[in-house]
Amino acid sequence: MNIKEILSSLPLGTAIQLNGWVRTFRNEQFIALNDGSCISNLQVVVNADALSEEDSKRIHTGACISVHGTLTESLGKGQAIELTASKVEVLGESNPNEFPIQMKKHSLEFLREKAHLRFRTSTFSAVFRLRHQLSFAIHNYFNQNGFVNIHAPIITGSDAEGAGEMFTVSNFDLENPPRKEDGTIDFGEDFFGKHTHLTVSGQLEAELAALALGKVYTFGPTFRAENSNTSRHLAEFWMIEPEVAFNDLAANADLAEDFLKYCIRYVLENGKEDLLFLQEREATEDKQKPTEERQTAPLIERLEFVANNTFERITYTEAIDILLNSSHYKKKKFKYPIEWGIDLQSEHERYLVEKHFQKPVVLTNYPAAIKAFYMRLNEDQKTVAAMDILVPGIGEIIGGSQREERYDVLLEKCKQFNIPEESMWWYLETRKFGTCQHAGFGLGFERLVMYVTGMTNIRDVIPFPRTPKNAEF
RNA sequence: UCCUUAGUAGCUCAGUUGGUUAGAGCACAUGACUGUUAAUCAUGGGGUCCCUGGUUCGAGUCCAGGCUGGGGAGCCA
């Protein structure tokens, strides 16, 4: 029996054995015990006969103990049930002079440097339980809707995906790699016989599968060697990429909206206690902040709002019009220019989502020049069938498109984007053999976890974040 | 990569114009108390003031360079 089960069934009078970690030891008599099964602690009442004085001095915050005892109605006010111990055994001590986690508020920055121990805190155990709930919800959603999970390769030989800087995968002796006559490194001699990288996206592989299996999705790690130092970027992150044959852009947006709402509802139903804890935490933090930086509504209310409201759908062109006609623009409050043909800046996206619509927004049909080569060219020859979903607080959470399925048009786009045809031969072939309309999108898993937990730094929603200059643990 | 801000006890922070032995709360140890809820009270121990160099009679404080963290921007998911 774990604490979650005990607190949901309240089995008074039951004799049990329970293992867990000490959060606090008050008055040399009361242990707040946590076993990770839920956010709540169980109070263990220790009388002198259950614990020797010697062992009593070995119990500190962080220690692991095993308790035999009986579940009884609590005499204190803070809890309904408590475990009256008949025997307490210290399984693992925790030297209080060295153990850095205390039963007080620690800064998230400090805990980031103690990533191996931060699981022991209420905040991080809640975040990682919710991360699991979301991961499970994602597989659930796609499975229930007839999608096939495709494991895209992590090591890739394609070097033209255009999604960012890539990490090289090599078996060479870095001191002395084989070189060609012109002095450049001869990757022909390397393990795979060519220059290989860690994948930046499983999309292209997912497309290959979708053009046979119909509905597929990938959910795996991806890697970007960009020198991005922000609270929204990681060098190693997990991405969900569904790809559906015969879907157009509208169907793609329908799928993305339905999928996001399902994940949020799933967490509201299955992770309520952890959400409540994080909501409280956020409210406490907000009290320290100036009014304009505070959240507009409590966490659970924000999630329910997204789950129950239709996302706003507008085109890029309409978005530009809204921005140009806004009083914000007329008062010259935007730092960056707004003009058809250039990409929207963070401040513009925030304005649309947080001020103008105050709900998630699906932006579609961007100018072709600012989007990737594989996006389908629209009839106007100027825009592509792209879509970004923007949410308050995070910004872009989903990026997707209807893909260019016409061989000639795709070949032309490759030329425009300086992508060598021979490196993409396998991708182009799908457009020669039984091509069809299809669409998909990518969702950054950590951004979803951020949105659902209300955490504001992406490094706090993945157990061991990989960022520039940091690969500890 | 750019802008900005910070780095002082295990943690959170104060430290005045450059001036004697660098402080507080929490944590920890000891004692008191014993149905507590981050218990309380008393006493005590605890410092590479991020690193390197410089200015000065004297640097936690001023200057230069570097390292690391935070916030923002770009790139994006």
Side-chain angles (χ1 to χ4, degrees), chain A residues 23-32 40-48 56-57 60-62 72-79 82 84 94-114 117 121-122 161-165 200-203 221-241 256 288-289 293 335-336 343-350 370-372 388-391 394-400 441-451 456-462 465 467-470 472:
Chain A
R23 286 289 171 81
T24 58
F25 186 25
R26 283 187 296 272
N27 229 345
E28 292 167 17
Q29 196 183 357
F30 302 98
I31 297 170
S40 304
N41 301 325
L42 184 67
Q43 172 155 284
V44 177
V45 184
V46 186
N47 297 313
S56 175
K57 294 201 189 306
H60 297 96
T61 299
T72 51
E73 195 175 340
S74 179
L75 299 173
K77 282 177 191 157
Q79 56 284 316
E82 63 193 15
T84 303
S94 177
N95 184 338
N97 287 316
E98 291 172 28
F99 186 63
I101 313 291
Q102 293 163 13
M103 201 49 205
K104 57 169 272 189
K105 204 180 131 240
H106 284 294
S107 68
L108 296 173
E109 294 82 7
F110 170 71
L111 291 169
R112 237 167 260 156
E113 292 171 7
K114 310 273 181 266
L117 296 171
T121 64
S122 297
E161 290 171 14
E165 292 292 312
V200 293
S201 161
Q203 181 204 312
T222 49
F223 308 85
R224 307 267 167 101
E226 300 284 351
N227 191 11
S228 295
N229 293 287
T230 81
S231 54
R232 311 183 302 285
H233 291 86
L234 291 165
E236 177 182 295
F237 65 100
W238 290 66
M239 191 148 63
I240 297 104
E241 293 176 290
Q288 317 285 325
K289 293 181 185 168
E293 287 175 25
K335 199 177 160 194
Y336 289 89
D343 211 354
L344 298 176
Q345 300 290 321
S346 292
E347 59 171 353
H348 305 142
E349 296 180 349
R350 290 183 78 101
I370 59 173
K371 288 290 179 183
D388 283 355
I389 298 186
L390 313 175
V391 295
I394 309 286
E396 185 181 342
I397 194 167
I398 282 178
F441 61 84
L443 167 74
F445 183 52
E446 282 75 18
R447 291 200 180 163
L448 178 63
V449 181
M450 282 172 82
Y451 190 64
T456 53
N457 192 311
I458 201 165
R459 298 172 181 92
D460 296 329
V461 298
I462 187 169
T467 52
K469 302 275 190 292
N470 186 6
E472 194 64 57

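Fair warning: this is a prediction, and the values are worked out from it, not measured in the lab.
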Got a second to check how far A:M450's CE is from A:R459's CZ, nearest 0.5 Å?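 Taking CE in A:M450 and CZ in A:R459, the distance rounds to 9.5 Å.
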
Send over the distance from [X] [atom1] to [N] [atom2], rounded to a whole Å.
| X | N | atom1 | atom2 | answer |
| --- | --- | --- | --- | --- |
| A:N457 | B:G70 | CG | C1' | 9 Å |
| A:I101 | B:A27 | CD1 | P | 16 Å |
| A:I31 | B:A39 | CD1 | C1' | 15 Å |
| A:K77 | B:U37 | NZ | C1' | 11 Å |
| A:E165 | B:G74 | CD | P | 18 Å |
| A:F25 | B:U36 | CZ | C1' | 11 Å |
| A:Q43 | B:U37 | CD | P | 10 Å |
| A:N227 | B:A73 | CG | P | 16 Å |

Provide the distance between the two [atom1] atoms, one in [N] and one in [M], to the nearest whole Å.
| N | M | atom1 | value |
| --- | --- | --- | --- |
| B:U52 | B:U8 | P | 16 Å |
| B:G74 | B:U17 | C1' | 42 Å |
| B:C57 | B:G18 | C1' | 12 Å |
| B:C11 | B:U5 | P | 25 Å |
| B:A22 | B:U61 | P | 15 Å |

Re B:U30: Watson-Crick or G-U wobble partner, both distances kept under 3.5 Å, found to be B:A42

Base partner of B:U56, which must satisfy Watson-Crick or wobble distances under 3.5 Å: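 No nucleotide pairs with B:U56.
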
At under 4.0 Å, does any side-chain N or O of [X] touch on OP1 or OP2 of [N]?
| X | N | value |
| --- | --- | --- |
| A:S231 | B:G72 | yes |
| A:Q345 | B:G74 | yes |
| A:R26 | B:A39 | yes |

State, yes or no, whether a side-chain contact exists between [X] and [Y] at a heavy-atom distance under 4.5 Å.
| X | Y | value |
| --- | --- | --- |
| A:L234 | A:I462 | yes |
| A:F25 | A:S56 | yes |
| A:M239 | A:L443 | no |
| A:V44 | A:F30 | no |

Tell me if a side-chain donor or acceptor on A:N95 pairs with a main-chain N or O of A:N97 at a distance below 3.5 Å.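 Looks like yes, one N/O pair under 3.5 Å.
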
Is there a donor-acceptor contact under 3.5 Å from the side chain of A:R224 to the main chain of A:V200? yes

Reckon [X] touches a base, only the sugar-phosphate, or nothing at all at heavy-atom distances under 4.0 Å?
| X | value |
| --- | --- |
| A:T222 | nothing |
| A:Q79 | base |
| A:L234 | base |
| A:T24 | sugar-phosphate |
| A:F445 | nothing |

Compare the minimum distances between each of [options] and the side chain of [X], then state the nucleotide with the smallest one.
| X | options | result |
| --- | --- | --- |
| A:F30 | B:A39, B:G70, B:G35 | B:G35 |
| A:H60 | B:G69, B:A29, B:G70 | B:A29 |
| A:K469 | B:U68, B:G74, B:G71 | B:U68 |
| A:R112 | B:G70, B:A73, B:U30 | B:G70 |
| A:H233 | B:G71, B:A73, B:G74 | B:G74 |
| A:R232 | B:U37, B:C76, B:C28 | B:C76 |

Could you check A:T61 against A:E82 and say which one's nearest nucleotide on RNA chain B is further toward the 5' end?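 Looking at RNA chain B, the more 5' nearest nucleotide goes with A:T61.
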
Both A:L344 and A:R459 contact RNA chain B. Taking the nearest nucleotide for each, which residue is further toward the 5' end?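 Per heavy-atom nearest nucleotide, the more 5' residue is A:R459.
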
Do A:R23 and A:S122 get their side chains close enough for a donor-acceptor pair, meaning under 3.5 Å?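 Judged by distance alone, the side chains do pair up.
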
More than 12 heavy atoms of other residues, nucleotides or ligands under 6.0 Å from CD of A:E109: is that the case?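 Counting neighbours around CD of A:E109, more than 12 heavy atoms of other residues, nucleotides or ligands fall under 6.0 Å, so yes.
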
Readout for nucleotides 5-14 of chain B: B = base within 4.0 Å of protein heavy atom, S = sugar-phosphate only, - = neither; 5' to 3' it is -----BBS--

